[in-house]
Amino acid sequence: MNDSPIHVNGNDHALVIGGSIAGLLAARVLVDYFDRVTIVERDRIPAQPIPRPGVPQSYQLHVLLSKGAQILEKLFPGFAQDLANAEAQKVDWAADFRWLTPGGWSPRFVSEIITYACTRNLLEFQLRERLLDDGRVKFCQGSQVTGLLANSDNTVVTGVQLRDENDREIEVLAQLIVDASGRNSKSPKWLQQIGYQPPQKTVVNAFLGYATRWYQNLSSNVDYKVLYVMPKAPNYPRGGLIYPAEGDRWLVGLVGVGRDYPPTDEAGFKEFARSLRTSEVYEAIKSAQPLSPIYSYQRTENCWHHYERMSRRPENFIALGDAVCAFNPVYGQGMTAAALSALTLDECLQQHQTGSSKDLTGLAQRFQAKLAKVNSVPWLMATNDDFRWSTTEGGKPNFMTRLLHSYLDKVSLTFSSSPELYKVFLEVVHMLKTPNAFFQPRFLWEVFKLGR
Ligand SMILES: Cc1cc2nc3c(=O)[nH]c(=O)nc-3n(C[C@H](O)[C@H](O)[C@H](O)COP(=O)(O)OP(=O)(O)OC[C@H]3O[C@@H](n4cnc5c(N)ncnc54)[C@H](O)[C@@H]3O)c2cc1C
């Protein structure tokens, strides 16, 4: 039964809802500005790098893009070495990566676009360990936030209501509340409960489904660390990825666009792999030893809650990560976008520091506006590609989108003869450069000459 509410003092205290990638990174930034930071996480936090129920996608293959890896290194110096020590696999994204793009096989060369490949569980575990070692962040685990607390006229969010692991209702006060509770964030509803219109929402859904299985020892007789057979619009909605992870494991992910969901039974999974544009994924798995069942996942729509457009908002409450903008995961952007959210928070808090007093008035508005700009690039990249499929819902490609598709098709035809342009393509995919990089004058001629 619930006890009477416990009030926790809110002075110089920031509270993060959700202890996944976005929440952990936000907490890392917040410790530089607040005396105390609490992460409220509904799951019990595992002591090992294993999946947990609050992040059902954690069974699926997760690629950390190079931009994300750079930010993690900045926030946690030595992080790449931590991953290496935990047996994550070093990947050069041109030398070690065999990629069947829409224009053909990618060239292989040393690009120095490097990341460490591992399970999402290891990545999250290492981030959490770093925060636990730091000691300034407190985890309130097994506790579910159930609503926002506000001052008497609801102009300032002052804390959260939560149900802790002993089923007690608790009110926790804080000066800044950060929602990092993911795709299923309840903040739109909670804001309504304290008198605000929920943010508008844009959804673009390519109805892409995942099926992932973990294997042992796939690597013999292949010359890659990562293999990606990409779907190709309009006729090839199926793709497959082989990705290495710690502990000599390999994650094999199959994807299908437009509700062509990959099956989760043994024979169907293999048959789907055989039906890709090349049989290499099938060849790799046909006699391999699986380590897991086949895990499927189909909540993959791009979904943007436009906090930046709210005409009225309470102070001292912000949202970031998937809670604001979740992407079709096939482009591998989510964790990197979460890392960029954390950097954006850092920038905004820096600008807000006025001597010793902490007046956060205006921070929420400024942060959500900046974050929207940051998210707009991966959003454009993901939705632009999803609009190649006639089955995608949530809008139709306009003239500019079609023009872009046609230009990018030409770009991908140049890769085999222009490693330089392929490297730029990789840099764009890894969010190190924006897609404007494709339109440099020196490339335009090359694309039109080679990409015919
Ligand atoms: C199939 C799939 C594959 C993906 N592949 C990639 C990839 O290759 N690369 C990549 O970068 N990204 C990928 N992503 C996206 C990635 O998982 C997320 O973008 C990333 O985890 C950041 O999400 P987040 O931290 O905002 O939210 P989440 O990871 O969803 O975490 C939300 C957290 O909040 C907690 N929570 C929720 N509600 C409450 C509450 N009321 N109270 C307390 N706690 C709460 C949850 O338990 C959870 O821990 C993929 C996603 C999916 C679905």
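Atoms within a ligand are numbered from 1 in the order they appear, just like the ligands themselves.
For Ala180, every heavy-atom contact with ligand 1 shorter than 4.0 Å involves the backbone, none the side chain. When heavy-atom distances to ligand 1 are checked against a 4.0 Å cut-off, Met335 comes that close through both its backbone and its side chain.
Residue, atom and distance of the protein heavy atom nearest to atom 25 (O) of ligand 1 are Ala22 N, 2.9 Å. For atom 28 (P) of ligand 1, the nearest non-hydrogen atom of the protein is Ser20 OG, 3.5 Å. Atom 7 (C) of ligand 1 has Val63 N, 3.3 Å as its closest protein atom, hydrogens excluded (heavy atom only). Protein heavy atom at the shortest distance from atom 41 (N) of ligand 1 is Val145 O, 3.1 Å. Looking only at protein heavy atoms, the nearest one to atom 38 (N) of ligand 1 is Ser181 CB, 3.5 Å. Atom 3 (C) of ligand 1 has as its closest protein heavy atom Pro329 CB, 3.3 Å. The shortest contact between atom 14 (N) of ligand 1 and any protein heavy atom is with His62 NE2, 3.3 Å. In this structure, the protein non-hydrogen atom closest to atom 44 (N) of ligand 1 is Arg42 N, 3.2 Å.
Counting only N and O atoms by type, the side chains of Arg299 and Asn184 include a donor and acceptor under 3.5 Å apart. There is a side-chain donor-acceptor pair under 3.5 Å between Thr38 and His13. Between the side chains of Trp93 and Thr115, at least one donor-acceptor pair of N or O atoms lies under 3.5 Å. Side chain to side chain, Gln161 and Thr146 fail the donor-acceptor criterion of an N or O pair below 3.5 Å. Counting only N and O atoms by type, the side chains of Asp386 and Asn302 include a donor and acceptor under 3.5 Å apart. Looking only at atom types and distance, the side chain of Arg163 has no donor-acceptor partner in the side chain of Gln144 under 3.5 Å away. No side-chain donor from either of Ser58 and Glu124 sits under 3.5 Å from a side-chain acceptor of the other.
Residue-ligand proximity: Lys186 is placed with every non-hydrogen atom at 4.0 Å or more from ligand 1. Heavy-atom distances between Arg120 and ligand 1 reach below 4.0 Å in at least one pair. Note on ligand 1: Thr300 sits outside its first shell, no heavy atom being nearer than 4.0 Å. Within the 4.0 Å heavy-atom cutoff, Leu61 counts among the residues contacting ligand 1. Residue contacts with ligand 1 include Ser143, since one or more of its heavy atoms lies under 4.0 Å from the ligand.
Taking every non-hydrogen atom of Gln333 and a distance limit under 4.0 Å, the qualifying atoms of ligand 1 come out as 11 (O). Here is the list of ligand 1 atoms found below 4.0 Å of a heavy atom in Gly321: 26 (O). Of all atoms in ligand 1, listed by their number and element, those nearer than 4.0 Å to a heavy atom of Gly334 are 10 (C), 11 (O), 12 (N), 19 (O). Against a heavy-atom cut-off of under 4.0 Å, Gln60 is close to the following atoms of ligand 1: 1 (C).
Close placement of the Phe415 and Tyr422 rings is indicated, their centers lying within 6.0 Å of each other. Taking the six-membered ring for Trp and the full ring otherwise, the centers of Trp105 and Trp99 sit at least 6.0 Å from each other.
When all heavy atoms of Gln175 and Asn316 are compared, the pair lying nearest together is O-ND2, 3.0 Å.
Of all the listed residues (Val330, Asp322, Val40), Asp322 holds the heavy atom that lies closest to atom 26 (O) of ligand 1.
Inclusion of Gln57 in the set of residues having an N or O under 3.5 Å from an N or O of ligand 1 is warranted.
For Arg312 and Tyr196, the positive end sits near the middle of the six-membered ring, less than 6.0 Å away and at most 45° from its axis.
When atom types are taken as modelled, the side chain of Glu301 and the backbone of Cys303 share no donor-acceptor pair closer than 3.5 angstrom.
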